[in-house]
Each structure stands twice: as structure tokens, then as C-alpha cells.
There are 2 protein chains.
Amino acid sequence: MRAGTFVPTTLRDVEVEERIGKAGASLTPAERRVAEVVLAQPQLVAFGTVADLAEAASSGAATVVRLASKLGFDGFTGLQASVQHALANQLRPAAERIREPAATDVIGRHQQLEMENVVTTLGALSAEAMADVVDHLADVSARVLVLSGDASLGVARQLVGDLCSLRDGVTVVDGNDVAVRRAVALARQGDVLMVLDLRRYDRWVIDAAKAARQNGVWIVAVTDSLLSPLASLAERTLTVAAAGGGPFDSHVGTLALANVLVAGVADRLRVHAADRLDRTEAAWRAGSSLVER
Amino acid sequence: MRAGTFVPTTLRDVEVEERIGKAGASLTPAERRVAEVVLAQPQLVAFGTVADLAEAASSGAATVVRLASKLGFDGFTGLQASVQHALANQLRPAAERIREPAATDVIGRHQQLEMENVVTTLGALSAEAMADVVDHLADVSARVLVLSGDASLGVARQLVGDLCSLRDGVTVVDGNDVAVRRAVALARQGDVLMVLDLRRYDRWVIDAAKAARQNGVWIVAVTDSLLSPLASLAERTLTVAAAGGGPFDSHVGTLALANVLVAGVADRLRVHAADRLDRTEAAWRAGSSLVER
DNA sequence: TAGTCTCTGGAATATCTGTTCCGTCCACCC
DNA sequence: GGGTGGACGGAACAGATATTCCAGAGACTA
């Protein structure tokens with residue numbers, strides 16, 4: 001049996017998944033390796049043999065059978081039957097879902113919507129604009145301020161968090177009016193301001209951006225349209241698609257954009273950032289703050 | 001082996017179909033019966049045995065093998081392998097075909113990556129799981145705590161921000177150890193905890209989740225795998241795909257998932273939330289906090 | 001450091017499964 | 001009506017596969 005090709009999560013067996021999730025903590029290392037393969041390559045279970053699974057997980061056949069029993073199945077045969085059954089059931093719905101343009105189910109609609117947000121947003125990003133923005137964000141001699149409307153504050157924080165891992169001097173401008181004005185007032189020429197806001201713009205954001213511009217700060221706007229009031233203040237404007245399936249805008253496209261920029265900055269600051277990441281890693285390790293499982 | 005359910009033509013094995021069509025005329029009556037079953041219930045071939053197929057076609061095992069050979073396969077084994085292969089191919093939806101021409105440029109690569117994250121993450125979300133989680137998040141009599149690893153804190157905040165617009169009592173558990181412990185200690189039975197963390201899990205997050213569980217809090221985990229330590233603590237586990245093009249994980253899929261949940265909660269709390277949004281809107285209008293352009 | 005417990009994979013084994021062989025049956029033809 | 005050819009399925013056989021057992025290795029403890 002050849003090793004299975006990639007199978008998206010949609011097709012995974014819920015029954016098996018549940019049992020693995022429940023027993024997950026009590027699995028031994030070797031059993032865990034097998035379980036990972038089961039989750040990642042269900043076809044290997046459905047079509048393959050104990051030996052195939054064991055080889056894929058670099059374990060012995062006995063371990064495979066033990067795992068199946070521990071999950072409550074009647075040996076490997078039971079596990080296999082469960083996966084086969086689920087796989088067979090998934091076949092029909094998958095086909096029907098493709099035919100119906102997913103207009104009815106919420107999840108499918110969101111799937112389509114968010115994909116469009118990603119495609120549109122990153123599709124609108126030119127290599128030149130990206131290089132320019134990355135250049136500025138990667139300029140360690142400049143401070144980077146990030147200003148965001150309330151609705152996108154979380155995404156902004158996410159971006160800032162990542163950037164902070166790569167370099168110093170990146171901050172979110174937030175808080176009350178006094179704090180914002182102070183932060184902007186302290187910005188000087190050579191600094192960089194990323195301002196992030198979508199339609200129904202927050203007045204204070206625009207005001208703060210205006211003030212920053214008068215201080216000679218280099219501004220990049222991330223907004224929904226080139227007609228945005230932010231666009232006229234910024235040296236560079238990156239537009240994002242933010243169609244939401246619920247009552248709010250979706251910032252999935254924006255976050256995808258942020259990820260691209262972060263990757264660009266990381267690439268630009270390669271050695272500098274690597275050193276930082278190493279030091280951070282060492283600190284985490286010393287405190288054993290992170291666990292593998 | 002149970003008889004398979006109906007499978008639409010799209011899912012049939014083209015390879016086998018072709019060969020049956022070609023040899024169709026020269027098939028004996030019994031072979032023809034077997035061939036009918038092969039076409040009608042490919043799963044019986046993929047998952048079953050010679051005996052199963054023979055029984056389904058009211059024929060002998062020898063006839064099954066003869067048919068397979070007559071079709072040019074290397075015995076029943078060859079036929080089975082062909083059907084399995086075709087089945088596995090049909091199992092992967094459009095998502096994978098999209099990425100086939102692997103993009104070379106950074107932006108294109110991210111585009112594909114993030115789309116896969118969205119598709120995979122939302123694809124893994126079952127309607128049932130979503131309904132359950134939304135039910136709990138929309139329960140206004142419960143408090144909702146959100147606990148997130150450092151790397152995904154921004155997304156968590158984004159989620160909480162949206163939820164706060166829809167209902168009261170939603171908070172991010174964050175800050176120093178003392179604050180976290182206090183927040184978790186104050187949680188009581190009936191409350192809801194959403195814990196969000198990906199591999200290389202933050203120890204404090206796991207510890208806090210464990211404490212919450214002992215308090216009888218209903219937990220939903222949003223994590224990268226069912227083998228995550230969070231999965232065994234949670235009543236529900238939603239898995240996310242987080243492949244990143246840069247040095248960090250991408251939380252685009254997670255944010256898409258969050259958006260779906262928010263939309264679900266908004267729908268569930270329709271009138272309640274509408275009233276809240278109206279009041280918020282009025283406040284903004286009174287202060288002219290938002291501008292159209 | 002010695003001892004115990006768990007984990008682990010290899011080997012033996014019993015079961016299952018695909019394949020082949022062969023006797024029987026039926027249809028067609030001389 | 002007798003003979004011949006192919007079709008068919010039961011049964012034996014050989015190979016593969018799941019399962020169980022066991023001994024060695026490693027970790028943790030006293």
C-alpha cells in the first residue's frame with residue numbers, strides 16, 4: 001500500500017477523532033506517533049494494513065494494535081472498519097456539497113467568503129508596494145507605531161506581536177485620548193506609522209494619523225479603499241477585502257496581509273531576527289514555558 | 001462488510017469504468033452481475049473482500065477473480081487497488097487542485113497557504129460541533145472566558161472584541177500569573193472557557209485550563225491537533241490549520257473560524273444582539289466617533 | 001545503585017483472504 | 001439424442017495479515 005496522499009480535514013473520521021482526542025493524554029509516545037498518522041492519513045488506515053501503519057509511524061505492529069484497543073475498538077480491524085465507514089459516508093456529502101454552491105450552509109458560505117477575502121487582498125498587493133512597506137517596517141532605526149480602529153484592534157495586536165518578535169520598537173497606539181496624543185506627538189521624522197482601519201472609520205484614528213503626518217512620520221495605510229481618508233494621508237496604501245458573513249467585517253484578509261508583511265520583514269532582518277528568536281527561545285527553554293505536548 | 005450506500009457517478013472509478021465498458025460485450029452473465037456491483041458499489045470493492053463481492057453479485061469467488069483478470073487487472077488485488085486509488089483521488093476536494101501550480105513568488109505562496117488554512121480549518125468544522133459551541137457562547141447567563149497562548153493573543157482579542165459587541169460577560173484571561181489564577185478561580189460551573197493555543201503550547205495556558213476544568217467550567221479547545229493537551233481537557237475541540245509562510249504560525253484559519261462562531265452567536269442572539277448594536281450605534285452617533293469618509 | 005514498572009518491537013500463531021484447480025451443469029451443434 | 005464447448009462455483013492451497021506473547025530496554029524510585 002502506497003502512502004496516502006494529502007487528505008483535507010473535512011474527510012476525517014469523527015468517531016476516531018473523538019476517541020483519539022479523549023484518550024490523547026494517556027497515550028504513550030509510540031502510540032502517539034501512530035495516532036498522528038491515523039489523523040493525518042486516514043486512507044492508510046482504511047486501505048492499508050497494520051504493517052503499513054506501523055512503518056509510517058516508525059513503530060511496531062504491536063503498538064498499532066495496542067492503540068486500536070486503547071481507543072476502544074475491537075483491535076485494528078475495528079479501527080479500520082470505523083475509518084472505512086466514515087470515509088464511505090463522507091463520500092456522498094462531499095460530492096453533494098460541491099454541486100450545491102454552498103448557499104445554504106453557514107460554514108460553506110464563510111469558507112467561500114473568507115477565501116475570496118484572502119485572494120482579493122493578497123492579489124491586490126504588488127511586489128513593489130510590499131517591498132516598500134517591508135523596507136520601512138524592517139528599518140530598525142525607526143520606531144514603528146501601529147494605529148488601528150477598534151474593530152480591527154485584535155489583528156493589529158497580532159501583527160505587532162509578531163513584529164516585536166523580530167525587532168524592537170514596535171508598539172500599538174491605544175488607550176485613551178491622552179495616551180494616543182502623547183504617543184503620536186512623540187513620533188518624529190523617520191518613524192513609521194501603520195494605520196489600519198476600515199470604512200466607518202474611527203475619527204480618533206484619522207485624527208491621530210493626521211497629527212503623525214504633520215510630524216513627518218512615514219505612513220502606510222491598510223484600509224478598505226483608496227478613497228479612504230487614510231489613503232490620502234499615507235505614503236503607501238494597501239487595500240484589503242473584508243466581506244463578512246456575520247454582522248461584522250472579516251479581517252481574515254487583513255491578517256493574511258499582515259502575515260505576508262511579517263514574513264517579508266523576517267526575511268529582510270534574517271540574521272538580526274534569528275538572533276532575537278534564539279535568545280527568546282533560550283529564555284523560554286530556561287523557564288520551560290513551552291511544552292511540546 | 002456492510003453493503004455500501006449509493007454513490008453518484010462522479011465518484012466512480014474512471015479507470016475501472018473504462019475497462020468494463022471495453023470488455024462489456026464479452027462478459028458472461030455472471031461476470032456481468034459482478035461488474036454491475038463493482039459500478040454500483042465501488043466501496044464494496046475498495047473495502048470488501050472477494051467473498052463480499054461474490055455474495056453481493058450472487059456469484060462465486062472465482063467469477064470475481066476471473067472478471068478482474070479479464071479486465072486486465074492483476075487479479076482481484078489489482079482491481080481493488082485501482083478502485084482504492086480512484087476513491088482516494090475523489091476524496092480530495094477542489095482545495096488541493098487549486099494549489100497544484102505551485103507559486104514561486106512570496107505573495108502567491110502565501111495566498112495558497114492561507115487559502116488552504118481557511119479551507120482546511122472550516123472544512124474540519126462540523127455543523128454539530130459548531131452548533132454546540134455557539135450554544136455555549138450564546139448563553140448569556142454564563143460568563144465566557146477566553147484563554148490564549150501568546151502567539152495567538154491578537155486573534156483571541158479580535159474574537160472577544162466581536163463577542164463583546166453581541167453580549168456581556170466575555171473577557172480575555174491575560175496578564176500576570178496572579179491575575180490569571182484569580183480569573184480562573186472565580187470561574188464557576190456553568191461558565192464557558194475557550195482556550196486557544198497551538199503546538200509548543202504555553203504551559204501556563206494548559207495549567208489554567210486544567211484548573212478551570214476542575215471548577216466544572218465547560219471548555220472548548222481551539223488547537224492544532226486532537227493530540228493537543230488541550231483536547232483532552234475540553235468538551236469540544238476545534239482543530240485549525242496554521243501553516244505559515246514566515247517564521248510564525250498563521251492564524252488566518254483560526255480567525256476565519258472565529259468569524260464563523262461570531263456569526264453563529266449573532267444569529268442565535270438576534271434580537272438581543274440587535275438591541276445592543278443599536279445602542280452602541282446611537283452612542284457612536286452621539287459622539288460622532290465614526291465617519292463615513 | 002539496585003529494583004521495579006512501563007514501554008516497545010520482534011517473533012510465533014491462528015485466522016483470513018486471494019488464487020487456482022476441478023467437477024458439474026447447461027447450451028448449442030452435429 | 002449424443003457430443004462438445006464454455007460457464008460456473010465449491011474446495012483446496014498458499015500467501016498474507018491481525019493478534020498475542022515475551023523478552024529486552026529504558027525510566028523512575030527507593
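Here is the naming used below: chain letters follow the sequence lines, and residue numbers restart at 1 for every chain. Here the structure is a predicted model, which means the values were calculated and not measured.
Between B:T63 and D:dG9 there is a side-chain N or O to OP1 or OP2 distance below 4.0 Å. Using a 4.0 Å cut-off, some side-chain N or O of B:R33 falls inside it from OP1 or OP2 of D:dG9.
Put simply, the residue from B:T254, B:V220, B:L147 that forms a side-chain contact (heavy atoms from CB on, under 4.5 Å) with B:L196 is B:T254.
Judged by the 6.0 Å distance and 45° axis criteria, A:R293 is not positioned over the aromatic ring of B:Y201.
Crowding of A:E36 atom CD: a count of heavy atoms from other residues, nucleotides or ligands under 6.0 Å exceeding 12.
A salt bridge between B:R200 and A:E281 is present, with a side-chain N of the basic residue lying under 4.0 Å from a carboxylate O of the acidic one.
Here OG of A:S289 is found 11.5 Å from CH2 of B:W204. Values are rounded to the nearest 0.5 Å.
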Does the side chain to side chain contact (heavy atoms under 4.5 Å, CB included) test come out yes or no for B:T28 and B:K70, once each step is laid out? CA-CA 11 Å; B:T28 70; B:K70 195 179 263 188; 4.0 Å; yes
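B:E235 places a side-chain heavy atom less than 4.5 Å from the side chain of B:R213.
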With sugar-phosphate taken as primed atoms, P, OP1 and OP2 and all else as base, the protein-contact string of nucleotides 12-23 of chain D at under 4.0 Å (heavy atoms; B, S, -) is -----SSBBB--
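Closest non-hydrogen pair, A:G154 versus B:Q158, comes out as N-OE1, 3.0 Å.
In the helix from C:dT1-D:dA30 to C:dC30-D:dG1, the rotation axis of the first five pairs and that of the last five pairs differ in direction by 0°, rounded to 10 degrees.
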